[in-house]
Every structure is written in C-alpha cells, then in structure tokens.
Amino acid sequence: MPALEPVPPKAGSSSRADDGELRFPAVTRDHILHCSYDYWFPKYRTSCIRSLVIPLTPEFVLYIREDGIILADDDSPNGTSGTAEDEEDDWEPTVSAHSFRRQQGPESDSESDTEGEEDSSSPARLPPNQRFPALHAAINAAIHTLGGAVAPKLNWSSPKDATWISRHPNTVKCTAANDVYILLKSSSFISHDLDHAFDDTVPPPPVAAPAFTPVLVLRTFFSPLPSLEFRCFVKDRSLVALVQRDLNYYPFLRSLRPSIIARARELFAKMRFTFPDSSFVFDVYIPEADYDPSASSSSDDSDVGSDDETKNKMRLGRARLIDINPWAPRTDTLLFDWRELLDVRVARPVLGGAAPGAEEELTTTEEEDEDDEYEPELRLVEQDDPAAYNFSSPAYSAHKLPKDVVDASLAGNGGMMRFARQWQRLTEGRPQE
Ligand SMILES: Nc1ncnc2c1ncn2[C@@H]1O[C@H](COP(=O)(O)OP(=O)(O)OP(=O)(O)O)[C@@H](O)[C@H]1O
Ligand SMILES: [Mg+2]
C-alpha cells in the first residue's frame, strides 16, 4: 500500500475545493488500521486466499530494517535437510543488499547510509535461526502448512518491487523462510509499511513511533491471471465502481461484464455492513468457476483459459478478497479519476436503529437490500484505448534496477553472489558520491 505519487488530501465533505483541488474525507489512523490484513482477514477468511498471520517480534523488525542480508543456515520449510532446489544453491548466508537498495529510488532513503561495524558475536551477525529461532521455525512451519509455496506480505504491502532478487524469478513465491527474508529486506514497499503507513493521516501521529503490531502474512502461492484481478470502489456502503487492475486489453472480458459485477457484488454483500468504514476500496481475484486458487500452488495455473476461444466460454467462480485499501489519495484508481469517484452520489442505506446523523451502528450483518443497490460501473480497457497508454510504463519503474543486476538475479543465486562481489569491489575503489 505504498503512497507512490500521492495527491495532497484535504478534509471536507465536497469532492472539490473552490480552486478545483480534490477534497477527500479525512483519513484517520483507524482507516489505515482497518486495511491491515490482520484486522480484516479474520472477518472475511472464507473469501480469502488461504493465509496464516504471524505477529512479528521487535527483533525481527530490526532484522528487516538492517543493511545486509544474513540468512538462516538451516533453511528448509520443515527443518529437514534441503530440497533438490536448495542443493543447487550456492547462495552464501551473508549478502550485502545495501548497494542494491540505494538504486531503488527515493523511497529507500530512509535507510541508514552507514554500514554497521558489528562484531561477529553481536546478535545482528547471528543467522535468523539463531537470532529468532521460534519465529524462524514458525515461518517454515507455516510455509509447509500452506502447501510448500507462499506469497508474503506485511500488514499492508507485498514486496512486489523486490522480485528481481528472488530465486523464483519475477514472482513473490517463497518456498523457505530465507526466500521471505530476502524479499522483505530488499523491498522499499515493506519499509514503507514499517515507517510510513500513517503518513498523511489526521490527526498527525505522536512523535513517538506509532504503535501497531507488525505482522507477516503468508498466503498459499498461486499464479493469478492478471486479467481477472479487479479493484472495487465502495462509497457510502455502496459498490459504485470496478476496474481492471492489469491495464491491457483483454477482449474476452467484455462478455464477462455481468458476471464480474455479480461476483464482486456477492463478495461485497459480506462486507457492506461488517467493514467499519463506509467508504473503502477492495481488490478481488475472480477465478474461473471450479478453480480453487487457495488450494493450488501449481505454476501451471497461468495456462488456465489461455486461449481466447476458451475464455469466451469461461464461467467465473467466487470472488476472492485479495486486499482492502483506504478511500484515500494513496490508493490508485487506475482507469478512474478520483474526481469521478468523489462525485458519485449514492442514497445512504439506513442501518438498524441509528438516528439520523448518529454514528452508524453496525448491527446489521451480511444483510443486503436489493432495492437500494447502486448499479456500479465496470470500466475495462477497450481496444486501442488511449486511456491504457498512459499506464503502459512498466510496473514499479521508480524501483527499477540496472540491467546488470537483473541479469545477475536471473542467473540464479550464484550469479547474484558474483555480482554482489563485483559491485562491492567497484564501489570500494570509488570515492563516495
Ligand atoms: N497468494 C498469492 N500468490 C501469488 N500472487 C498473489 C497472491 N496473493 C496476491 N498475489 C498477487 O500480488 C498482488 C498484490 O497483492 P496485495 O494487494 O496483497 O499486495 P499490495 O502490496 O497491496 O499490492 P498492490 O499495491 O498491487 O495492491 C495481487 O494483485 C496478486 O496479483
Ligand atoms: Mg493491494
């Protein structure tokens, strides 16, 4: 949930100030906390990808923040000796990621620029299996429980900007705790969760670090079809808009319009009066009928319905809740403009017993009155749609790395190690810029 290019928020009830600037309802700390996975996952568990939520210790958070990557030296998901894949690895337990992170753009400048000179007996030099053995074991056990491959995230964000360093190229797939550590430590999005989650909230947080429990979320890994991911906008407890998340033209989506809306509505019915905030944004994956994303970790899944003819006959299954985001400038509206969404007027549903103007009471659960349903707009990329061209720059271009680094990561762990050493030699011989 990183705020990449935030529009400055303004508190107020109307969507526009006289000067034409956007007016958002005030975003509070609670709004952000309600979007934390550990808050909403227990409510909507049956609609989510199978997940385990592990509270993180201060020691672990310190490890994530530190420069350098010291990996566990016992690594395997169930604590036994390694798999065939592990045996091929020559990934050494200590890799300095510091130099790489500095290239990832301004988000990484909260990192300290000084390499810590700890002696080898300091806790910071111990591998995770010695430094936080219980947590390390819990992560490996969770990976095992979830089928052997997981996608990690913290409270709000996944380390999508760090897939270049993964030994499962270009994915957030993790088959061992060490994979999780590398991704988390290399991601600016994860740093953002730890240090900037409450930026721009009102009232401003106290000077002391805001208290929230950092959690590690592990979800069974699957390969979602990008065409079947949608972002859904909820305003005043009505589902008002849906949009494709991947901004490519997918001809087969046109005939699926009614089903996409219907599946999203079914999920929304569960959230409408149970999510504490009346306006929010949620992301869904709507798989093909009979396909269970949470039960599979197969990498063949991306072939499902790959040809257009098959897809034209596609029937959609239950929508899975992937994420919840605040109704705030930091949330990307994709093919919509925040102005359009802020201008939508819906009849506010009357909730059980609440006096007009009184604080809404969430006494109604999973109740839906068909009569007061707003007809949401589903916006898709059309053929030759100029709207999509604006978004055609590659994802996370602000977090892009030099080609040498990408090539090295694709060459496997040995390649990355060699690159790290070369890089270190080069930078050590060069005066500091
Ligand atoms: N279990 C999973 N296995 C594989 N990929 C997943 C899994 N869960 C989510 N993803 C992919 O990761 C993307 C991001 O997930 P999520 O929304 O939880 O993280 P995020 O950091 O908030 O990302 P974004 O900013 O794109 O919303 C999803 O859109 C989906 O493509
Ligand atoms: Mg998200």
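Just follow the structure's listing: the first ligand is 1, and inside any ligand the first atom is 1. In this chain, numbering begins with 1 at the start of the sequence shown.
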In Asp323, the N, O or S atom nearest to the Mg ion (ligand 2) is which? OD2
Phe222 versus ligand 1: do any nitrogen or oxygen atoms come within less than 3.5 Å of each other? yes
With heavy-atom distances below 4.0 Å as the criterion, list the atoms of ligand 1 near Ser157. 21 (O)
In this structure, CG of Leu184 is separated from CG of Leu56 (nearest 0.5 Å) by 8.0 Å
Can the ring centres of Phe212 and Trp156 be said to be less than 6.0 Å apart? yes
Taking only heavy atoms of Asp283, which atoms of ligand 1 are found under 4.0 Å from at least one of them? 27 (O)
Ionic contact status for Asp179 with Arg167, cut-off 4.0 Å: yes
Would Asp200 and Arg330 pass as an ion pair if we require N to O under 4.0 Å? no
Tell me, please: is Phe189 in heavy-atom contact with ligand 1, that is, under 4.0 Å? no
With heavy atoms of Glu229 as the reference, note each atom of ligand 1 found under 4.0 Å away. 28 (C), 29 (O), 30 (C), 31 (O)
Is Arg231 touching ligand 1 with its side chain, its backbone, both, or neither, if touching means heavy atoms under 4.0 Å apart? side chain
Got a salt bridge between Arg65 and Asp195, using NZ or NE/NH1/NH2 to carboxylate O under 4.0 Å? yes
Only heavy atoms of Arg219, strictly under 4.0 Å: list the atoms of ligand 1 that pass. 1 (N), 8 (N), 9 (C), 15 (O), 16 (P), 18 (O)
Would you check whether Trp156 reaches within less than 4.0 Å of ligand 1, judged by its heavy atoms? yes
Run the numbers for me: atoms of ligand 1, each under 4.0 Å from some heavy atom of Phe221, listed by number. 3 (N), 4 (C)
Counting only heavy atoms closer than 4.0 Å, does ligand 1 sit against the backbone of Thr220, its side chain, both, or neither? backbone
Between Ala151 and ligand 1, which residue portion shows a heavy-atom distance shorter than 4.0 Å: side chain, backbone, both, or neither? side chain
Side chain to side chain contact (heavy atoms under 4.5 Å, CB included) against Asn129, all qualifying residues, sequence neighbours excluded: Ala72, Asp73, Asp74, Pro127, His136
Would you call the rings of His34 and His31 parallel, tilted or perpendicular, taking 30° and 60° as the class edges? perpendicular
Nearest non-hydrogen atom to atom 26 (O) of ligand 1 belongs to which of Lys173, Lys160, Arg50? Lys160
Salt-bridge contact Glu59-Arg131 (side-chain N to carboxylate O under 4.0 Å): yes
